[in-house]
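Keep in mind that this is a model prediction, so the values were computed, not measured. Sequence lines set the chain letters: A, B, ... in the order given, protein chains first and strands last, and positions in each chain run from 1.
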Amino acid sequence: MNFYKSGEIMEDNDLLKVRLEKIAALKSAGIDLYPNDVRPKNTTAEILAEFGNSEAESLAELTQPFSIAGRLMAVRNFGKAAFVKIQDRKGQIQSYIAKDILSENAFFVFKKLDIGDIVYISGKLFRTKTNELTIEAHDLRLLSKSLHPLPEKWHGLTDVETRYRQRHLDLIASPAVKEIFYRRSRIIQLIRQFMDKQDFLEVETPMMQPRAGGAVARPFKTHHNSLDMDLYLRIAPELYLKRLVTGGMERVYEINRNFRNEGISTFHNPEFTMLEFYRSYATYEDLMSYTEELFAFIASNIFGSLKFTYQETEIDLTPPWRRISVKDALLQMAGMDKSALENHTRALAFARGVGCDVKDTDPLGKVLMAIFDQVVEKKLIQPTFVIDYPVAVSPLSRRSNTDPNIVDRFELYIYGREIANAFSELNDPADQRERFLQQLKERETGDDEAHEMDEDYIHALEYGMPPTAGEGIGIDRLVMLFTDSASIRDVILFPLLRTKQDCGGSSNN
RNA sequence: GGGCUGUUAGCUCAGCGGUAGAGCAGCGGACUUUUAAUCCGUUGGCCGGGGGUUCAAAUCCCCCACGGCCCA
């Protein structure tokens, strides 16, 4: 909605009209409607932390003035006095407004305030009759007028569509939502701390790539005009990070967005955040321990424990986590028999029997993984490393020394969801070329997600990449776990939605 | 892509063939220690959009838009 048209504010309902009239009254009383000269000295949380337990007598002895700024969230009015709640970035505190304490001018401003306005209050601390720590307002200023009413004070904002499209309202109305994003930031800080302590270097690699490599997924396509060149939003940073490893950056990591042009669900957003890291002179087995340590580090900092509840299920991160091979998982958890594991025709039949959409041309490894995704995945509730992946679905992983049909790779599952994917990196350029050629064949049979040939990358490998292991961890899914969020949209500030007219001027439009 | 489900006042919701409702917010009034303050009064709606059925549609049917959950 555009409220400003040729300098005039359009009136779209009575509520707005009333507020505009208040603005006019304040303006004609000579009051600056958008002042920026105040500097609040305190936050609500600081005051509550420092004086939350102080007795009334010791508060009375305090000589320094306190000042806060924030959004007016509640007004309990008594005519010549009132109690109000002010909310800043850290929390809420009560303030007492009284006509015989404030200046006439400030009290006039108070009478024109609405819930939702941004205000500044300074004064002294005291305790009310009900013993609540309160700021007695000696000065009050309006800093910014809110033209629209806030969501209802008791139920808050529950319409999920409005919550996502107008996240500002969600954040104002729901402290718990704000808390999720504070925790998200904290988790990412902890990851950086952990990586930095291990001497990893944080880097940034291209998001726009001439070839979308490093994963199996459909990319978004874009175009650079002056170079007249098609580009893809990256589906993974992998091939660039490994070039850095080849260049001598033996331990690197990147925390940034990947983009995949695929369906949207409670576990998938088209753009999502990934931690990807590479460690030279290590194997995927080393990374299993490393991952256990990383998760334990995060959990103990967030929860003070390695056990926590996700969607009413207790998750226990105490190492070591269960390890199971893809084949054993299929035998034990999908009810396949040994012969079907090795027989293409029987595997296909089994896959179709459990509802997988597989093609006759799909290699055996791919068929097995389809069955795994369909049947086994959702059963892996406690943290589990699934190991020994088929070569066919792992074009960038190092072959096992004991079985050339499988690779040194694991995926981590928690609560039935893939959280991490890691492998010992394939650093044999000849084998890498062969794998790309195999992927090209699958592309020809109609798999448009198969990996493309990347000669530049092979050329880089030909200079010699140290033996290295690498891992990607989905940050959004990790944050879901640690915030008990059921949907990925609850841990992404602005999840992708279809554009919609007339929804309040959201940035998603 | 398929199934189920939702869209009614600024917000939270009820109403499910017969004149559109409540609470909160707002507005007017009373009130200088409240905690979802209280008390009295009161404004506010293209019932998501379009088509149909019917004497009559928020309500039944169809299409569309935008969500949610589940499945692929």
Side-chain angles (χ1 to χ4, degrees), chain A residues 1 3 11-22 25 56 59 71-87 92-102 107 110-117 123 125-137 145-166 168-170 172-174 218 262-268 311 351-352 354-358 370-371 373-375 377-378 416 485-490 495-506 508-509:
Chain A
M1 279 180 275
F3 297 107
E11 296 174 5
D12 72 344
N13 65 38
D14 292 346
L15 296 169
L16 178 59
K17 195 175 166 191
V18 167
R19 300 210 179 188
L20 293 175
E21 283 164 7
K22 287 177 181 171
L59 291 176
R71 197 174 292 275
L72 185 63
M73 296 301 287
V75 178
R76 292 185 280 275
N77 210 322
F78 293 87
K80 296 189 183 65
F83 289 94
V84 301
K85 279 276 185 197
I86 305 296
Q87 172 171 292
Q92 293 193 349
I93 199 165
Q94 178 170 268
S95 177
Y96 177 65
I97 312 287
K99 193 178 182 188
D100 56 11
I101 302 175
L102 277 182
F107 195 72
F110 170 70
K111 283 296 182 183
K112 296 288 177 215
L113 290 184
D114 287 290
I115 289 168
D117 289 351
L125 296 180
F126 78 109
R127 282 193 182 278
T128 64
K129 280 180 181 169
T130 55
N131 212 32
E132 179 162 349
L133 184 67
T134 301
I135 302 177
E136 181 183 273
K145 189 75 184 157
S146 172
L147 294 177
H148 302 290
L150 290 184
E152 203 245 3
K153 62 184 171 187
W154 189 243
H155 301 93
L157 186 63
T158 63
D159 180 80
V160 282
E161 187 174 352
T162 310
R163 287 186 46 224
Y164 298 147
R165 287 192 197 276
Q166 299 194 62
H168 50 286
L169 289 181
D170 195 25
I172 291 167
S174 308
R218 208 165 287 124
E262 290 166 357
I264 295 179
S265 78
T266 45
F267 312 128
H268 301 84
Q311 305 292 291
R352 287 176 179 137
V354 295
C356 298
D357 182 20
V358 285
I371 299 165
D373 291 347
Q374 177 81 3
V375 183
E377 211 176 89
K378 55 174 168 267
S485 298
S487 169
I488 199 169
R489 291 178 212 108
D490 292 326
L496 186 66
L497 300 178
R498 274 183 215 274
T499 55
K500 189 179 178 184
Q501 297 303 310
D502 190 31
C503 68
S506 155
N508 275 355
N509 287 341

Short side-chain N/O contact from A/Lys17 to OP1 or OP2 of B/rU43, under 4.0 Å:
no

Residues two or more places apart in sequence or in another chain: which of them pass salt bridge (Lys or Arg N to Asp or Glu O under 4.0 Å) with A/Arg76?
none

In whole angstrom, give me the gap between the C1' atoms of B/rA20 and B/rC13.
14 Å

For B/rU32, does the base pair up with any side-chain atom of A/Tyr96 as donor and acceptor (N or O, under 3.5 Å, distance only)?
yes

Give one of base, sugar-phosphate or nothing for A/Gly263, where a contact means two heavy atoms less than 4.0 Å apart.
nothing

For A/Thr266, which contact category applies under a 4.0 Å heavy-atom criterion: base, sugar-phosphate, or nothing?
sugar-phosphate

Is the shortest side-chain N to carboxylate O distance from A/Asp114 to A/Lys145 below 4.0 Å?
yes

Phosphate OP1/OP2 of B/rA72: any A/Gln374 side-chain N/O under 4.0 Å
yes

If I take atom CD in residue A/Glu152 and atom P in nucleotide B/rG26, what distance separates them, rounded to the nearest angstrom?
11 Å

Figure out the CG/C1' separation between A/Leu72 and B/rA25, and round it to whole Å.
13 Å

Assign A/Asp159 to base, sugar-phosphate, or nothing according to its heavy-atom contacts below 4.0 angstrom with the strands shown.
sugar-phosphate

Who pairs with A/Ser146 by side-chain hydrogen bond (donor to acceptor under 3.5 Å, both in side chains), at least two apart in sequence or on another chain?
none

Is the phosphate of B/rU12 approached by A/Thr158 (side-chain N or O, under 4.0 Å from OP1 or OP2)?
yes

Would you mind classifying the nucleic acid contact of A/Arg127 as base, sugar-phosphate or nothing, using non-hydrogen atoms under 4.0 angstrom?
nothing

Minimum heavy-atom separation for A/Ala81 to A/Tyr96, with atom names?
CB-OH, 3.8 Å

Looking at residues at least two apart in the chain, or sitting in another chain, which of them share a ring pair (Phe, Tyr, Trp, His ring centres under 6.0 Å) with A/Phe267?
none

Residue-phosphate contact under 4.0 Å: A/Thr162 side-chain N/O, B/rG67 OP1/OP2
no

Short heteroatom pairs, N/O only, protein and nucleotides 37-41 of chain B, under 3.5 Å:
| residue | atom | partner | partner atom | Å |
| --- | --- | --- | --- | --- |
| B/rA37 | OP1 | A/Lys153 | NZ | 2.6 |
| B/rA37 | OP2 | A/Arg76 | NH1 | 2.7 |
| B/rA37 | N6 | A/Asn77 | O | 2.6 |

May I ask you to evaluate whether A/Arg163 reaches the phosphate of B/rC11, defined as a side-chain N or O under 4.0 Å from OP1 or OP2?
no

Would you indicate which nucleotide in B/rU32, B/rC66, B/rG68 comes nearest to any side-chain atom of A/Tyr164?
B/rG68

Applying salt bridge (Lys or Arg N to Asp or Glu O under 4.0 Å), name anything that partners A/Glu262, two or more places apart in sequence or on another chain.
none

Are A/Thr266 and A/Ile488 packed together at the side-chain level, in the sense that at least one heavy-atom pair is separated by less than 4.5 angstrom?
no

Using both pair distances under 3.5 Å as the test, note the stems of at least 3 consecutive Watson-Crick or G-U pairs that include RNA chain B.
B:1-7 with B:65-71, B:10-13 with B:21-24, B:26-30 with B:38-42, B:48-52 with B:60-64

Do A/Gln94 and B/rU34 have a side chain to base donor-acceptor pair shorter than 3.5 Å?
yes

